[in-house]
Amino acid sequence: MEATGVSLGKAALGGALGYATSKAAEEIALQLGVERDVNFIKDELQMMQSFLMTADEEQSQNKVLTTWVKQIGVLAYKVEDSLMDFGLHSEKKPFLGCIPRNPGDRRRIAKEVKQLRAEVEDVSNRNLRYRLIKESSCSNPTAAEEQASIASAAMFGITEARFSTFVHEKSSVVDLHQLINSNDVNLRVIAMWGTCGDVGKTSVIQEIYDDPKVLKRFGFHAWIRLMHPFNPQEFLRSLLRQFYENSHDEVGKPSFNPQDFLQSLERQFYENSYDYVGKPGKETSVGAVLAKMEKMDQSDLVHVFNALLCSNSYLVIINDLSTIEEWHCIKKYFPDNKKLSRIVVSTQQAEIASLCTEKPYQVSEFKQLSCDQTIYLFHKKNSVGQVNMGSVSVAMVGNNDEAKAATVEEKLKVKRASCSAEPISYRSKVTNGETNTALPSDEIQEEDQEPYIAGEDKICNSTARKKFDRSRTLALADELLCGRETEKFFLIKLVGQPDNKCCTVISVWGMGGLGKTSLVRSIYRSQELGGWKRAWATALRPFKPEVLLKDLALQLQNTVQEDPAGATTGAQKKSISVMNLQELKEELARVLKMKRCLVVLDDILSTSEWELVKSCLYNAGRIIVTTRENSIAKHCSVEDKNRYHLGGLKEDAALDLLKKKVFKDNSEETDLVPAMMEQARLILQKCDGLPLAISTIGGFLAIKPKTAIEWKKLSDGINTELEINSELRTIKTILMRSYDGLPYHLKSAFLYLSIFQEDQRIRWGRLVRRWTAEGYSRNMHGVTAIELCRRYFDELLDRSMILPGEGTDQYSQKINSCQLHDMIREICISKAREENLVLTLEEGCCLSDTQGAIRHLVIGSNWKRDKDVLESKLDLSHVRSLTVFGEWRSFFISDNMRFLRVLDLEDTLELKDHHLYDIGQLHHLKYLSLRGCQNILYLPNSLGNLRYLEMLDVRGTRIYELPTTITNLRKLQHLRADGYWDRKHGVKREDDIVDKHENYSNRISTYQTCSVLLSRGHLFLRPQVLDAGLNRYDIFNLYRFQEMKLDGVIPPKGIGKLKALHALGVVDVSVRNGNATIKEFGELTQLRKLKVGGLSYRNINEFWSAIAGHSQLQSLSVKRVSWLEEKNVLDGCLGDGLLPPSSIKSLTLLGKLVNVTKWIRTLQNLSKLVLRHSRLEQDDAIQALGLLPNLAVLRLMPLSFDGTQLHFQSSSFPSLMVLELHLLSNLRSALFEKDAIPKLQLLQVGGCCQLHAFCGLPALTSLKEIQLGSCGLNKTLKKSVKSQVAEHMKHVRVNIVD
C-alpha cells in the first residue's frame, strides 16, 4: 500500500517534468538565457522521480520520507507554474521587430529561475542530511497497522469486551486459570491476543503453566514455540519429547516407566506393520527413548502421538501461531478424548485467534497491562452447546488401519476407536462421542464452526496469513444475507449448468463491502449443489501460489473418496506440506480428476495471480472467483454469461438488514415509528445499499437507545463518526483497501473527484477534459490525452471506485456518467483534505487546519459567501482550479489566481456578462465552462488572451455569436455550443434577464420615441432597477442582443486557424460568413466531432467537399436550414465522385435523402445512425442500411420513412442492438424474417399511430426489452405485442414509457 502523499508526489513530478522536458520549455530557457539553470532543475526532478518510482511499500510509509515527498510535490507544482508563466513573457514580440518589450522581465525571470534552482537544490540536499534514501527502509509501526488493530477490535468482538468490562458485567471477565481448570470434559481451545503483540503474554501463561495444581489435572503437558516455516514432523517430535520429560506423578516420579513406554511404541508400530524400533528387554534409559524418537518418521510420530493422547488428558501451549494454515494442520493431531484436555494458543493476529477457538466464541478482557496494552482471551461461549474438534484427529491414518489393528490388545483398540475417524464418503456421517451430528464430508468442517457475533461474517476455510486489511467483507452472517435470494438462485443455476467436459470459471465482482464472499459462501455450502466436492481458498498478500495450492490440495485430499485401486498408503504418499510447486500441480490434477469438484478462489486482485494458478485447476468442474475488478472478472471468465456484477441492496432489503442488526431477534415484530423511519431512510441513503455499512452501523445502533433523537445524531454526524468511532471506522478500513490498491496516477485522478457534490451525476466528458487540463494525462505513443483519460475513467469503473450513472451509450456499451458512493466519497474527501489537494467551502467547513497553497478550490452552494475568507484567510496563489456551485459572486476570482487552469461555472446562478469582462487575465486557463449559465449573452473580446485554452463550453447560454478574437486560441481543442431550439427545451434554473428586459420596456413604454429613449437611459443609469446583479455593461449587451432562431452559434471569419480543434459545434452557416466558414472546415483536419446546422441546397455541395478528406472524423451531425423546401436535399451530390469520410462511426442527418444506396455502403465503420425528415420511400434504402456490418443503433425519427411497411430481411442488420421507430406517421406494419437482426436487444416504438402489427416478432431471438410509448400507439398493436411475448417470448420485458 503506497502512501497517498507519495502517489501525489509522483503525479506532481510527472506534471512538472512533462513541461520541463518539452520543446516549449527548452525554447523559453534558450530565449531567456537560463537554459543551464532549467536543465539543472529538470535533472534534479528526474532523480527525485526515479527514487519515488522505485520506493517500495515499506519506504512509502516512512514518515520522514513522506514529509520530504510532500515538499517535492509543492516544489514540482511551483516549477511547472513558474516555467509556464515564463513562457507567457517569452511570447511577447519585440517592438518594431528589434526592441525587446520590457527588458526588466528578463532580469526578473532570470532572478526567479535562480531562486527556483536554489529551492530545488535545497530539497535535494535535504535527502542527504536526513539520509532518506539510504535509511528509508527501516521498519516502523505504521498508521495502517494501528488502523488494522482498531478495525480488528471492532470486527472480532473486542470492542464488546471492552464495553462489557466498562459497565462491570462480571460475566464477561474470565480468568485463564478458570478456563483451564473448568469441569468441561470436552477439549477446549483458548486463544490469547494482545493489542501490543506478545508483550506480557508469556509471563501470564508461564504463571499458570508452572502451577502444580494445574499440571496435576493433566497426564501430559508441553509448551511449543512454532518454527517458521512450520515443520509438522519436528512439531510432533518436540511434543512427544516434552510429554516424556514432563510427565510426573504426585510424588515427582515418572507416571509410567520407560519400559512400558517403549512397549507402547512397539505395539503401535506392530499395529501398523512397521519395523520394530526397539525390543522388550532392551535398554530403556531416557536417552534411549529420546534416541528412538529421533529415528521416527512422520507417520510413526502421528500414530504414536494419537495413541498416547487418546487415553490421557493433556495441556498444550502453542506460541507464535501466525497463519490459519498452521492451525488447520496442527489441530488434526489433537483428539477430543473427553478428558478435560486444553490447548492455549498465543497469536499476534486477532483474526487467527477468532478462528482457533470453538464456535460460537466470546471475547473477554483478561489483563490490562497499561492504558494501551491489553490482553484478550477468545474462548467457547458457555451458553452454547458443545462443538467437537476430534473428528479429524487421525485424518492421516490409512484406510487399512482397521485390519491391521486386529492384533493389538483389545483395550487399546477400544480406546483408539473412541477418538479415531476414517475417511468417509459424501453420504456417510461423522459421529462424535455421544452426539450424532450429520456432517457431509465434502464440506470443509471448519466452515461449520462459526462465531455467532453480530456484524461478523462467517469465516471460510481459507489459507494462511490473511491479514485484516484483506478487508474481510465478511461482515454478514448467512442468516443476515438479506435481499440476495435472486443472486443466489442465479449463481446456483450457473454452477449447476450442464457439463461441457471442461472447466467453467464463474466470476463474481463488485466493490468492497457488497458481500461477495458471503454470497458465494452461501452457494458453496448449499445442499442444492448435490454431490460436488468442494474446496475454498483465499488469496493472501503477498500472493504465493504454492500456499494457495497447498491449501486446496489438503482440502481436496481429505474430501475426495479415492479409488481403492489407485490408493496410496501413508508411507508412500509424500506430505503435501513439503511438496514443491510442480508436485502440487500433479497432486491437484490427480485429485481433481477423481470427482466433480467446486473450487472457490476468494479475493483475486490481479490477472497475474489468476495466471499463476489456473493451469493447476484445469480439471476442476467449476471455479468461482471473487474479485473487486471487472477487468479481472473478464480475464477469468471469457463468456459474458459467466460474469456476475453484484450490486447494492434494494431499499426494502437494506431496511430489513438494518432492523435485523438493530433489533436482532425481534426485527420482524418491530415497526419503526415515522420519526425513526425517516432517520433510517437517511442513514440508508448514506449507505447506498452497501451491506457492510448497513450491518456495521446497525450493530453500532444496537447498543444505543432506540430513539429517533439518537438515530438523528448518527445521521447528522455520520461523516465524523466514520473518522473517529472505532466501530464504524471498520467500514472505512475495508473500503480503503480498494483505494490503496490504485496505482499512483489513478489515485490522483480519483482524489480529484472530491471536487464534485454529493450524489452529483458526473459526465465523463466533463471529468476527462478537466483531468486533461490539469495535466493528469498527455498525448503519448499515438494515444491522445482524452483517450488516455477515458481509460482512467473505465479503469476506475472496473475497480468499483466509481459507480455508473445514467446515460449508458447502448451502441458502444460505454458509460457516459458516474457517481461516487457516499462511503467512497468520504474516503476521497478525507484523503484530498489530508494532502491539501482540495478545499471545499461549505456550511460548517473548518479552515483552521488549512495550511499552505490550495490546489483546487470548490465553493459549495450552501456556503455563506464570505469575502473575507477568500481575501485574507486562504493562500490562493497557486490554485489550479475553481469550481462554483450555486450563486456567483464577483470576488470569487482575484488577482492572486494567476495560475488558474480550470474555471468550471457549469449551472452557476447569477452570473452575468460583466463578471467575465476581465477573464483574459487568466493567462494559464485551459478549461472554461459556462454551460447552463442562462444569462450570459456575449463573450468578451479579452477571451482571445487565453492562448492556452483547450476547452470552451457555452451550451445552455444565450450566446449566438462568437467574438472575432476567438481565432487567437490556437490550442483550442473543444468548442461546444448549441442552438435556439436546444435552449428552449432546456431546464430554466433562474429568471431570464432578456425576458425581464422585454417586459420592463413594454410596461413603461408609451410607444413614443422620447419615452423609449428615456426608459433606456434610465436603465443605463440605474441597471439595478431591472436586476440587482446587472451593471451598465450588461444593459449595453441587452440593448444590442437579438434573439435568433438558429441551429447553433455564428463563428467569425478565420475559424480555420483553430487547427487543433477536435470537436466543433453546433455552428450555424445559414447567415453571414456561412460560405466562408464551410470552406474553412476543410482546414480543420484534426476534427473528430462536427455538428453543423443551417445547410441548404446552396452550400451543401461545398460542405461535403470540404470534409471529404477528414480521415479522423468519427461523429458528424448535419441539419438543413428548412426541411419544408423540397430543394434542400442533403445527399444530392453524394455518389461515386463525392463520398463522406469512411471513418465516421456516428451519423445524424436531418433533411431529405435521395441517394442513400449510392454512398451508405462506404461507411463500414458506422455504428450509430439517426435519421430525421429523411423521407425515405423505397425499401431498397432500408435494405442498404441492413448491409452495414457494424451498425449497432438505428433511430428512425419523425418523417424519416414514408413507406407503409418496414421489411427486415433475413441476415440483415447483423450487429444491430437498438432499433427505434418514432413518429413514422405512414407506417402500418413491420415484418421480421427469420434470422433478421440476430443481436437486437431493445425495440423502441412511439407515436406511430397507424402501426397495427409486428409480424415475426419471435424471430428476434436476442430481444430483451420492448418499449412502447404511452401515447400515439394503436391499442391493437399493444395487445398484439403483449400476446406474442406471453406466448413465445417470456424472457422479454414489455414496458410502457412516456
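Atoms considered below: every heavy atom in the structure, side chains included; atoms not considered: hydrogens, waters and symmetry mates. We count residues from 1, following the sequence as given.
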Review point. Is it true that E528 and K488 have a side-chain N and a carboxylate O under 4.0 angstrom from each other?
Key: no
Review point. Q819 versus I802: any side-chain heavy-atom pair under 4.5 Å?
Key: no
Check your understanding: Do S738 and R628 get their side chains close enough for a donor-acceptor pair, meaning under 3.5 Å?
Key -> yes
Exercise for review: Would you check if there is a donor-acceptor pair between the side chains of T517 and D602 at a distance under 3.5 Å?
Suggested key: yes
Review point. Can you find a heavy atom in the side chain of V189 that is under 4.5 Å from one in the side chain of E358?
Key: yes
**Study point:** Under-4.0 Å salt bridge between E826 and K686
**Key:** yes
Review point. Does NZ or CZ of K380 fall inside the cone over Y361's six-membered ring, less than 6.0 Å from its centre and within 45° of the axis?
Key: no
Exercise for review: Could you tell me whether a side-chain N or O of K661 sits under 3.5 Å from a main-chain N or O of L701, the two making a donor and an acceptor?
Suggested key: no
Point to revise | Over 12 foreign heavy atoms within 6.0 Å of NZ, K650 | key: no
Practice item. Taking the side chain as every heavy atom from C-beta outward, state whether V345 and I190 have any atom pair closer than 4.5 Å. Key: no
Review point. Should the pair W193 and F378 be assigned to parallel (<30°), tilted (30 to 60°) or perpendicular (>60°) ring geometry?
Key: perpendicular
Practice item. Quick one: list whatever passes ring pair (Phe, Tyr, Trp, His ring centres under 6.0 Å) with W509, sequence neighbours left out. Key: H645
Practice item. Taking the side chain as every heavy atom from C-beta outward, state whether F793 and C818 have any pair of such atoms under 4.5 Å apart. Key: yes
Point to revise | Side-chain (T696) to main-chain (L692) donor-acceptor, under 3.5 angstrom | key: yes
Check your understanding: Taking atom CD of E651 as the centre, does the number of heavy atoms from other residues, nucleotides or ligands within less than 6.0 Å exceed 12?
Key -> no
Review point. Just wondering, do I697 and C687 contact through their side chains at under 4.5 Å, heavy atoms?
Key: yes
**Study point:** Centroid-centroid distance, H856 to Y752, less than 6.0 Å
**Key:** yes
Practice item. Give a yes-or-no answer on whether the side chains of K201 and S346 include a donor-acceptor pair shorter than 3.5 Å. Key: yes
**Study point:** Salt-bridge criterion met for E834 and K831 (N-O under 4.0 Å)
**Key:** yes
Point to revise | Partner set under ring pair (Phe, Tyr, Trp, His ring centres under 6.0 Å) for Y644, not counting sequence neighbours | key: F490
Practice item. Please determine if R484 and E487 form a salt bridge, counting it only when a charged side-chain N lies under 4.0 Å from a carboxylate O. Key: yes
Point to revise | Exam field: side chain T357 to backbone S354, donor-acceptor pair closer than 3.5 Å | key: no
Practice item. Could you tell me whether a side-chain N or O of S800 sits under 3.5 Å from a main-chain N or O of M511, the two making a donor and an acceptor? Key: yes
Practice item. Could you tell me which residues satisfy ring pair (Phe, Tyr, Trp, His ring centres under 6.0 Å) with H821, sequence neighbours excluded, listed by chain and number? Key: none
